[in-house]
Amino acid sequence: MSKRPWGFVVGGLLVALLLAGVVSNYASAHPDGLDSSLLKGCTVDAEGEITGGSCPAQQERDHELADSPLADYGVRGLDNDFLSTGLSGVLGVLLTFAVGGGVFWLLRRSGPQPSTADVSGGEPAADRPQGRAAESPAGDASRAARSR
């Protein structure tokens, strides 16, 4: 494959950057699923604080990386929530693209190199017999059958 899909890769990167930088800001701030199932059995007030009952969410604690620069879908130190969320998404996409591209580049560089036999589809040209001797045994058998 001689054509490199640069247009496809760049287009995909631009779509991912757009989704991460802009559309991610419109995701629900109150997702359902795991969060809601962990609150079953508890009484929750309007701010989402547990006021009573017994549920697994009461065992919640901060993650070890809670103080990292991109924790909680934002950039620490930015007060504008829209900008913070968008910038963290863009940085995440760029970091993922860089790591993935680096891994694919390394795999491509360290992969098996084609030999001259692989490129020509058989024996290397210098080792390939020429003329009538180059015909296959099947060709010899069919020629013998025709001469009978």
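Numbering starts at 1 and runs along the sequence shown.
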Per-pair distances, 0.1 Å, donor-acceptor, side chain in residues 38-46, under 3.5 Å, sequence neighbours excluded:
residue, atom, partner, partner atom, Å
Asp45, OD1, Glu47, N, 3.2
Asp45, OD1, Gly48, N, 3.2
Asp45, OD1, Glu49, N, 2.8

Show which side-chain atoms of residues 70-84 pair as donor or acceptor with protein atoms under 3.5 Å away, not counting sequence neighbours.
residue, atom, partner, partner atom, Å
Arg76, NE, Asp67, O, 3.3
Arg76, NH2, Asp67, O, 2.2
Asn80, OD1, Phe82, N, 3.0
Asn80, OD1, Leu83, N, 3.3
Ser84, OG, Val75, N, 2.6
Ser84, OG, Val75, O, 3.2

Any non-hydrogen side-chain atom of Leu91 less than 4.5 Å from a side-chain atom of Leu95? no

Expected list for residues 10-22: side-chain donor-acceptor pairs under 3.5 angstrom, two or more places apart:
none

Quick note, disulfide (SG to SG under 2.5 Å) partners involving residues 60-93, not counting sequence neighbours, are none

Same hydrophobic cluster for Val90 and Phe97, using side-chain heavy-atom links shorter than 4.5 Å among ILVMFWY? yes

Can you give the donor-acceptor pairs under 3.5 Å from side chains of residues 53-65 to other protein atoms, not counting sequence neighbours?
residue, atom, partner, partner atom, Å
Gln58, OE1, Cys55, N, 3.2
Gln58, NE2, Gly53, O, 3.0
His63, ND1, Leu65, N, 3.0

